[in-house]
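Following: one structure in structure tokens, then a few remarks.
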Amino acid sequence: MKFTPSYEPDKFESDIYNAWEQNGFFRPKAEDSEKFYSIVMPPPNANGNLHIGHGLTIALEDSLIRFHRLRGDKTWYVPGADHAGFETWVVYERALEKLGHSRFEYSRDELYSQVWDFVEEQRGNMELQVRALGASCSWEDLTFTLDENVVSRVYKTFEKMWNDGFIYRGEKLVNYCPKHETAFADIEVEHIDEPGFLWDLKYEIAPENTDSKNSSTPDFIVVSTTRPETLFGDEAVAVNPNDPRYKNIIGKKVKLPLTDREIPIIPDEHADPTYGSGAVKITPAHDFDDFEVGERHSLEKLRVISDNGHMLPICGERYSGLTTEECRKQVLKDLKSEGLLLGKKKITHAVAHCYKCGTVIEPTLKEQWFIDTEKLASLAISHLEKNEISFHPASKQKVLINYLKNLKDWNISRQIPWGIPIPMFKKSAEISSGTGEEVKNDSPDWIFDTRVELKEIEVAGVKYIRDEDTFDTWFSSSHWPIVCTDWTEAHGSPFYPLNVMETGADILFAWVARMIMMGLYVTGEVPFKSVYLHGLVLDEHGKKMSKSKGNVINPMSLVAKYGSDAFRLGILRGRSAGMSQAFSEQSVLSGRNLCNKLWNISRLIDSWVEDAKTPDAEETIPRPKTAYTTFNPGEDWICREIDSLKKSVEKNMKSYRFSEAVEEIYSTIWDKYADWFLESQKLYKNLPLLKATLEDILIIAHPFMPFVTEAIWQALSWTDGFLIAESWPSSLDFDPISAEEFERTKLVVSEIRRLNTVLKAQNPHYKIPPILFGDDSLVSENADLICALSKAPGISPTDGSPRGIRLALEGREVYLDVDEKTVASHRESLESHILSIGRELDALNARMTNPNYVKKAPAHLVEETRQGIKEKEALISRLKLELEVIK
RNA sequence: GGACUCUUAGCUCAGUUGGCUAGAGCGUUUCUUUGACGUAGAAAAGGUCAGAGGUUCGAGUCCUCUAGAGUCCACCA
């Protein structure tokens with residue numbers, strides 16, 4: 001294969017991916033069961049497109065997987081697809097609406113199969129995109145969140161919990177979206193501070209209860225509320241027991257406005273004497289606080305708002321059927337006309353919204369299934385406190401423990417058809433067919449049964465009807481590490497626990513917390529050894545991406561434009577764990593440039609290898625490792641640099657510092673390998689070394705830029721097989737003295753270049769002069785290289801009569817052979833150089849004059865400082881001497 | 001109200017147990033039509049590390065406070 005002048009990713013990527021997949025590199029062999037390195041992908045929504053967060057997830061996870069694969073671990077990366085219960089449901093419901101249909105036209109079972117088809121149609125799309133990002137995952141093991149084994153595992157857990165008494169049926173207030181007509185967990189509700197009003201309503205004290213003998217007793221009480229329309233459900237008015245204003249009316253009754261009901265005045269700490277009027281109406285069926293108050297005082301829970309947000313008939317003909325908003329207006333109008341509306345105050349308060357449609361959440365009284373989370377949470381906390389899971393960033397461990405300590409019971413019922421049916425059946429009031437016997441009183445109200453395909457079942461002569469609700473998706477998702485690894489009670493799984501769970505920091509509570517609780521509950525072991533949480537990917541201005549703002553960056557369009565590797569490099573660059581950070585196309589562009597650079601490096605080396613080939617001198621190249629020897633300047637140095645790159649990538653990957661790893665690869669390839677080593681090799685062309693070092697670089701870079709490195713591997717004339725299956729390089733041999741010598745040679749070249757640039761700036765007609773060197777073995781031994789790298793027209797010894805400008809480098813005797821005029825004009829820059837060295841010297845001297853430093857600092861530091869002072873002093877005196885000469 | 005995070009170059013961020021002259025990318029300026037790459041090469045400018053105090057021989061790094069930014073949790077009628 002021939003190298004084109006620039007790397008064109010779209011010509012290679014899909015072929016390479018297919019070749020990898022078809023050759024089975026993504027799947028660990030069955031017999032290799034000893035040392036697995038396993039990661040499961042947080043399942044992207046089956047019916048959706050990947051967003052930038054998935055792009056980041058795959059870049060992170062796949063680089064870990066590829067790194068470990070090259071290191072020789074049996075890696076196992078499981079892709080997934082999420083039925084995404086509610087998310088998908090919203091999309092589907094919208095599609096139905098567009099066709100002029102409503103979900104209420106269909107039965108639950110009909111809806112379920114419709115959505116199944118809908119998702120099936122869309123699913124391939126997501127999988128193609130995961131492939132395009134280069135994810136080296138085991139497709140045969142793809143798990144869909146509604147797969148048979150997932151459902152059966154979820155049912156098993158539910159049954160265990162039911163038997164353990166962790167599950168209870170409760171009538172409680174739940175967060176309810178009147179638009180979607182389903183309940184949510186607390187975590188799915190968004191609290192937003194909004195302006196609103198606090199109205200003062202006049203509740204008259206019922207006349208028959210007024211103590212006529214005591215005229216000091218007021219005949220009404222003012223209650224403050226933000227939701228006047230709920231007054232129909234009021235069951236009491238609460239005042240603080242310590243509030244002197246109301247002490248003597250506790251226990252009396254008030255007339256509920258617009259109705260003919262009377263409700264008591266009760267004492268409760270919940271009433272804050274400093275807020276509003278200090279008296280608060282209690283609506284147990286429609287407010288979380290009031291619910292609690294109601295429980296304390298055994299109040300009725302009267303529902304006055306329907307599931308879809310309309311007033312119920314109990315509110316009276318005038319209000320029944322109105323939306324809550326309409327009803328509020330009407331109530332306020334009526335109260336006003338009756339003189340019962342006393343005041344209105346602007347306030348800001350937190351209002352709960354549906355996280356999907358933004359509709360105001362209506363706390364609604366519902367019978368639902370709840371998980372008693374107390375034992376689950378404390379189990380999780382005890383393992384977390386033993387540091388059985390390492391967190392990146394570490395701070396999230398504390399955050400998670402704090403969350404678990406305050407965890408409330410978990411409502412797992414959802415009133416949407418798209419999801420896993422809850423396997424619970426309720427005893428029917430009807431007498432079961434045939435027997436004619438009465439229902440036995442001792443038969444349970446609810447029974448667990450997995451025959452969810454049936455609407456009703458019969459057990460011991462009793463008829464039971466299926467609960468129509470489905471599970472909260474997080475209930476099944478919390479089993480993800482268990483189900484993906486096929487963990488069983490009998491055999492466990494060689495992949496469980498996972499090595500790493502990598503996901504977004506935003507679902508630490510919703511998902512990670514629940515996986516830990518469930519993993520421990522089901523298997524007794526934590527589900528993963530490490531957690532890496534990435535932050536949000538923000539737009540280039542640091543703003544959250546959103547469709548409405550129009551600042552969404554689509555990963556696929558970046559892949560199409562710059563290539564998959566460029567995207568991966570761009571998204572990993574400068575990103576650290578847990579932080580929400582800006583991302584721009586610019587970083588992808590620089591990733592693309594690196595790919596092209598590496599491509600051209602390889603192109604050059606390959607052309608040298610090809611040029612050297614003569615028909616009769618066909619080399620026999622030992623694979624897998626090219627043997628090499630170092631002869632020339634820079635060769636030991638590049639071996640040292642690659643060796644240190646290798647070690648630092650190992651270290652960074654171990655501590656999940658992806659960005660640092662990428663940065664080091666970038667600078668080694670570009671600044672070291674291309675700009676110094678290859679430039680030097682233009683003189684020497686040590687082919688075995690060039691080949692060996694290029695191979696190492698390709699392997700080390702492969703986890704981060706898999707496609708271009710493989711494309712190069714395939715294009716090189718001497719390599720065979722696949723790069724993905726190569727093994728991580730062993731340590732390179734090098735002579736450290738020779739490496740250090742090249743470092744000093746670089747300094748000479750840089751200084752010559754810098755001087756030339758400065759002098760050129762002073763005089764546009766300046767031409768790069770020849771180089772002279774005195775008694776300087778480093779320069780004489782590297783003369784050709786220095787000459788070539790600095791583009792000087794020539795280099796020669798001074799023969800004892802130095803002239804021109806001497807380089808200000810310690811221990812060097814190198815001159816630029818320039819004319820007298822140029823020498824004189826250089827004086828100024830020399831003076832400023834002396835000043836800056838002087839400042840550094842002062843700093844070092846200050847340290848040494850401090851007796852405590854000399855006494856307490858480590859000896860090697862003190863010695864270094866002493867050495868530094870000596871060198872700087874020598875340099876200054878020499879520079880001063882040069883200044884004398886220039887005069 | 002509670003918890004957590006952040007503040008380092010024009011921008012986005014590194015800086016691991018305190019230790020040599022605080023780094024990178026992008027951007028900016030100057031130079032280079034050298035046959036791997038202009039998606040390039042060479043060079044340069046740019047930082048009182050938010051502020052104050054403390055610990056220390058030594059603080060971007062540890063502690064306290066202040067100011068600012070952000071995120072999450074929470075029932076404020």
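Just so it is clear: chains get the letters A, B, ... in the order the sequence lines come, proteins before strands, and each one is counted from 1. Computed over heavy atoms, backbone and side chain alike; hydrogens, waters and symmetry mates excluded.
- Comparing A36(B), A43(B), C26(B) by their nearest atom to the side chain of Ala674(A) picks out A36(B).
- Nucleic acid contact class of Ala582(A) (heavy atoms, under 4.0 Å, all strands): sugar-phosphate only.
- Note on Glu679(A): a base of the nucleic acid sits closer than 4.0 angstrom, heavy atoms only.
- Atom C1' of nucleotide C26(B) and atom CD of Gln581(A) are separated by 15 Å, given to the nearest angstrom.
- Distance from the side chain of Thr757(A) is smallest to A43(B) among A43(B), A36(B), C26(B).
- Relative to the ring axis of Phe197(A), Arg328(A) does not place its NZ or CZ within 45° and under 6.0 Å from the centre.
- Using Watson-Crick or G-U wobble geometry with both donor-acceptor distances under 3.5 Å, C6(B) finds its partner in G68(B).
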Query raised in the report: Given the rule in the salt bridge (Lys or Arg N to Asp or Glu O under 4.0 Å) test, do Glu743(A) and Lys746(A) qualify, once you have shown the distances and angles that lead to the verdict?
Result: CA-CA 5 Å; Glu743(A) 205 68 65; Lys746(A) 278 176 65 197; 3.3 Å; yes
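- Place Asn652(A) and Ser659(A) on RNA chain B by their nearest nucleotides, and Ser659(A) ends up nearer the 5' end.
- Going from atom CG of Asn756(A) over to atom P of A43(B) covers 11 Å, rounded to whole Å.
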Please tabulate the protein-to-nucleotide N/O contacts below 3.5 Å involving nucleotides 74-77 of chain B, giving atom names and distances.
unit_1, atom_1, unit_2, atom_2, d
C75(B), OP1, Lys408(A), NZ, 3.0
C75(B), O2', Asp289(A), OD2, 2.6
C75(B), N1, Asp289(A), OD1, 3.1
C75(B), O2, Asp289(A), OD1, 2.5
C75(B), O2, Asp289(A), OD2, 3.0
A77(B), OP1, His349(A), ND1, 2.4
A77(B), N6, Asp272(A), O, 3.0
A77(B), N6, Tyr275(A), O, 2.5
A77(B), N1, Asp272(A), N, 2.9

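- Distance check, rounded to the nearest 0.5 Å: CD1 of Ile282(A) to CD of Glu292(A) gives 11.0 Å.
- Spacing between atom CG of Leu569(A) and atom P of U12(B) amounts to 22 Å, rounded to whole angstrom units.
- In this structure, the nucleotide among C4(B), U34(B), A36(B) sitting nearest to the side chain of Val399(A) is C4(B).
- Considering CD1 of Ile697(A) and OH of Tyr673(A), their distance stands at 5.0 Å, rounded to 0.5 Å.
- Taking a pair to require two hydrogen-bonding distances under 3.5 Å in either a Watson-Crick or a G-U wobble arrangement, U55(B) remains unpaired.
- The residue Lys597(A) sits close to a base: some heavy atom pair falls under 4.0 Å.
- Backbone-only engagement by Phe509(A) is indicated by non-hydrogen atom pairs under 4.0 Å involving sugar-phosphate atoms exclusively.
- No donor-acceptor contact under 3.5 angstrom links the side chains of Arg753(A) and Asn756(A), judged on distance only.
- Out of C31(B), A14(B), U39(B), the shortest distance to the side chain of Lys760(A) is found at C31(B).
- A40(B): Watson-Crick or G-U partner is U32(B), with both key distances under 3.5 Å.
- Of the two residues contacting RNA chain B, namely Ala761(A) and Glu660(A), the nearest-nucleotide position lying further toward the 5' end is that of Glu660(A).
- Across all strands shown, the partner of C11(B) is G25(B), judged by Watson-Crick or G-U wobble contacts whose two distances both fall under 3.5 Å.
- Residue Lys544(A) places its NZ atom among 12 or fewer non-hydrogen atoms of other residues, nucleotides or ligands, all under 6.0 Å distant.
- No side-chain heavy atom of Tyr203(A) sits less than 4.5 Å from a side-chain heavy atom of Ile265(A).
- The base of U12(B) has none of its N or O atoms less than 3.5 Å from a complementary donor or acceptor on the side chain of Arg573(A).
- Among the heavy atoms of the strands, none lies under 4.0 Å from Ser655(A).
- Spacing between A43(B) and G25(B) at atom P, rounded to whole Å, works out to 13 Å.
- The CZ-C1' distance, from Arg657(A) to C13(B), rounds to 13 Å in whole Å.
- Atom P of nucleotide C13(B) and atom OH of Tyr666(A) are separated by 18 Å, given to the nearest angstrom.
- For the residue pair Ser717(A) and Asp606(A), a side-chain donor N or O sits within less than 3.5 Å of a side-chain acceptor on the partner.
- Nucleotides A22(B) and A59(B) place their C1' atoms 12 Å apart, quoted to the nearest Å.
- The partner of G1(B) is C73(B), judged by Watson-Crick or G-U wobble contacts that both fall below 3.5 Å.
- Residue Arg592(A) is in base contact, counting any heavy-atom pair closer than 4.0 Å across all strands shown.
- Note on Ser587(A): nothing from the nucleic acid sits closer than 4.0 angstrom, heavy atoms only.
- For C49(B), there is no paired base (Watson-Crick or G-U wobble, both distances below 3.5 Å).
- Here the P atom of nucleotide U39(B) and the CD atom of Gln586(A) are 13 Å apart, to the nearest Å.
- Note on Asp675(A): only backbone sugar-phosphate atoms sit closer than 4.0 angstrom, heavy atoms only; bases stay farther off.
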